[in-house]
Trainee: 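Take a look at the following structure, please.
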Number of protein chains: 2
Amino acid sequence: MATSCFAERLAKHVPLSDAEKSALARLEENPRKVKRGAMIQRVNETVTELFVLREGRVMSFVILPDGSRQILRVYFPGDFIGSASTIYSKAPESLVALTDVVVCPFDKHALRRLLEDYPRVAALLFLLSNAERVAMTDRMASLGRTSAKARVASFLLDMFDRLRVTDDGVIDSFDLKLTQEEIGDSIGLTSVHVNRMIRQMEQEGLISRSNGRITLHQMARLEEIGHYINRHKVMDLDWLPVG
Amino acid sequence: MATSCFAERLAKHVPLSDAEKSALARLEENPRKVKRGAMIQRVNETVTELFVLREGRVMSFVILPDGSRQILRVYFPGDFIGSASTIYSKAPESLVALTDVVVCPFDKHALRRLLEDYPRVAALLFLLSNAERVAMTDRMASLGRTSAKARVASFLLDMFDRLRVTDDGVIDSFDLKLTQEEIGDSIGLTSVHVNRMIRQMEQEGLISRSNGRITLHQMARLEEIGHYINRHKVMDLDWLPVG
DNA sequence: GTGGGGCGTTTTGCCATCGTAACGACAATT
DNA sequence: AATTGTCGTTACGATGGCAAAACGCCCCAC
């Protein structure tokens, strides 16, 4: 039996029973490889699947009628993707692989049956979706009420802290795998202005760059500039049912 | 036994069994009245409760270090509020009553036990939290990539459509109960610019106003200007376990 | 090795959008 | 009559968008 990437993900938060683990593993019959740049889900197309991302990076986004793009979320290994298909039969957002990727798709009805049988898994998913909700409110405050520089700073810190959850190799530098245009589309700026801000922050010694890797030098200062809060540090899982 | 406002809310989406209804009702021992302007929850304070809003309107918001405010969400009767307290023991956002209000608080652990015993209720809550997530991605696209006028238009339409879900008296006009400053703090604009846009839209015959009530005249045109999608119309609840 | 072609980054000048500050009108409270 | 809250209006200026071009880099073909 192949290991379940969903089980691995959930086990990062809370220990799972063997029954839970094997039930999770049964969901995943065909991990799927996707090439960099390929579309995993297209907005408005019928969807019945959700995914867990095993390897690589994925983004979700929408294109507005004027052609501009808003990137909604960048996903990292272990993330749970596409849960909107439980309530909308047409995808509200597109999914594209930012790198070569391995995703584990499940059918939405198989997920439902799992949640019926394993209430602790259901509770954990409910918790994580609340954490995602708070992450999105943080982004909203950033988009609505902070300057371009603050948005870049908090975006970099967010990516950094989320990478660190699963990737222990990340200390103070990381490979973003995003173009400046993609950064701009994430935080509501043009690529030109992203570039201005990044160079400015580099000149000020806040960050540095070499061949695609970004190094954060003054975390505390960056957090201040970006009005950034690291929510991962303060999560509290004792709401969950006892194992 | 008092009726449960939570049960009423959920029953709007799907029929509930008597067992489910009475379990929901047991959660609510003390509906609480709150005066207009009073704080229901303060950011960073310890919280162990969630709420369903029975009467009136509530907003959630954060204040940034420079004093500016981002309003995250306006809640209407029937909405489920403050679920972040399941995962963060300190509130990530403040809640304030916009009008005189009646809220039904539950303890977060009582909610957990309910979800364990009633998987269908758990599934329904999971669904609704996914719908909320999509609503927030729509707002993010609006904040990040649309003009001031588009934001005002989509904000008005969103408020309108959400009011209509529960309030059958709403046809084409409604009472927003928000100052222009509050509108601005919701959509990332200053009150001055909100005022500019509203007066412009009034001149163009898109909306009209009289003593606090707003009337929407050209819905289709407003949807186009705001790049607005009414997600309520396309929800699909057949993912839920059979009753 | 040389000459593209594609892709992302860097840079510039111009200017629209939107924020800031400040004040008056008006209604509702007290 | 004084106070408070909201809306309306203006002048001014900063932030950040837009368009366009050059630059650097990598890969590939010849």
Side-chain angles (χ1 to χ4, degrees), chain A residues 35-37 57 59 64 66-71 96 98-99 142-156 175-203 207-214 225-226, chain B residues 35-38 59 64 66-71 96-100 141-153 155-156 175-203 207-214 225-226:
Chain A
K35 283 276 174 213
R36 176 186 140 93
R57 302 202 189 152
M59 64 174 177
L64 298 188
D66 65 358
S68 63
R69 173 176 68 175
Q70 176 67 45
I71 295 179
V96 162
L98 288 165
T99 64
S142 182
L143 285 179
R145 280 288 176 244
T146 77
S147 68
K149 196 170 171 186
R151 292 189 218 177
V152 173
S154 66
F155 184 75
L156 292 178
D175 200 336
L176 198 47
K177 312 261 193 211
L178 292 175
T179 67
Q180 295 182 357
E181 184 169 8
E182 285 163 343
I183 297 173
D185 285 350
S186 297
I187 59 181
L189 297 172
T190 58
S191 61
V192 174
H193 208 61
V194 169
N195 182 272
R196 285 199 267 256
M197 294 301 107
I198 285 183
R199 277 180 299 116
Q200 189 184 319
M201 289 166 74
E202 199 171 15
Q203 280 185 349
I207 63 175
S208 63
R209 290 172 298 157
S210 63
N211 49 27
R213 282 191 84 75
I214 294 187
I225 290 171
Chain B
K35 282 276 174 212
R36 177 185 137 93
M59 65 174 174
L64 299 188
D66 65 358
S68 63
R69 174 176 67 174
Q70 176 68 44
I71 295 179
V96 161
L98 287 166
T99 64
D100 288 356
S142 183
L143 286 179
R145 282 283 175 248
T146 77
S147 69
K149 195 169 170 188
R151 292 188 219 178
V152 173
F155 184 75
L156 292 178
D175 201 336
L176 199 48
K177 312 263 194 209
L178 292 173
T179 67
Q180 295 183 355
E181 183 170 10
E182 286 163 343
I183 297 173
D185 285 350
S186 297
I187 58 180
L189 298 172
T190 59
S191 61
V192 175
H193 208 61
V194 169
N195 183 273
R196 281 199 269 255
M197 294 300 108
I198 285 182
R199 277 181 295 115
Q200 190 182 320
M201 290 165 74
E202 200 172 16
Q203 279 185 349
I207 64 175
S208 64
R209 291 171 298 157
S210 63
N211 52 24
R213 281 192 84 75
I214 294 188
I225 290 170

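Numbers restart at 1 for each chain; the letters A, B, ... are given by sequence-line order, proteins then strands. Keep in mind that what you see is a predicted model, and the values were worked out from it rather than measured. The figures here come from the full heavy-atom set of this structure, side chains too, leaving out hydrogens, waters and symmetry mates.
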Trainee: Would you compute the distance between atom CG of L178(A) and atom CE of M59(A) and round it to the nearest 0.5 angstrom?
Mentor: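 Between atom CG of L178(A) and atom CE of M59(A) there are 8.0 Å.
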
Trainee: Taking atom NZ of K177(A) and atom CD of E182(A), what is their separation to the nearest 0.5 Å?
Mentor: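 K177(A) atom NZ to E182(A) atom CD measures 12.5 Å (nearest 0.5 Å).
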
Trainee: Starting at CG of L64(B) and ending at C1' of dG19(C), how long is that distance when rounded to a whole Å?
Mentor: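 L64(B) atom CG is separated from dG19(C) atom C1' by 16 Å.
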
Trainee: Taking atom C1' of dT4(D) as reference, at what distance in whole Å does atom CZ of R36(B) sit?
Mentor: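 Checked: the CZ to C1' distance equals 12 Å.
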
Trainee: Can you name the nearest heavy-atom pair linking S154(A) to G226(A), along with the distance?
Mentor: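 Closest heavy-atom pair between S154(A) and G226(A): CB-O, 3.5 Å.
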
Trainee: Just how far, in rounded Å, is P of dG19(C) from CD1 of I187(B)?
Mentor: 10 Å

Trainee: Working to the nearest 0.5 angstrom, can you tell me the gap between M201(B) CE and Q203(B) CD?
Mentor: 12.5 Å

Trainee: Can you tell me how far C1' of dT6(D) sits from CD1 of I183(B), to the nearest Å?
Mentor: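 About 12 Å, once rounded to whole Å.
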
Trainee: From the options T146(B), I225(B), I187(B), select the one residue that forms a side chain to side chain contact (heavy atoms under 4.5 Å, CB included) with V152(B).
Mentor: I187(B)

Trainee: Nucleotide by nucleotide, 5' to 3', does protein get under 4.0 Å of the base (B), only the sugar-phosphate (S), or neither (-) in nucleotides 7-17 of chain D, counting heavy atoms?
Mentor: SBBB-----BB

Trainee: Nearest 0.5 Å please: distance from the CD1 atom of I214(B) over to the CD1 atom of I198(B).
Mentor: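 Interatomic distance, I214(B) CD1 to I198(B) CD1, rounded to 0.5 Å: 5.5 Å.
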
Trainee: What integer distance in Å separates L98(B):CG from dG5(D):P?
Mentor: 16 Å

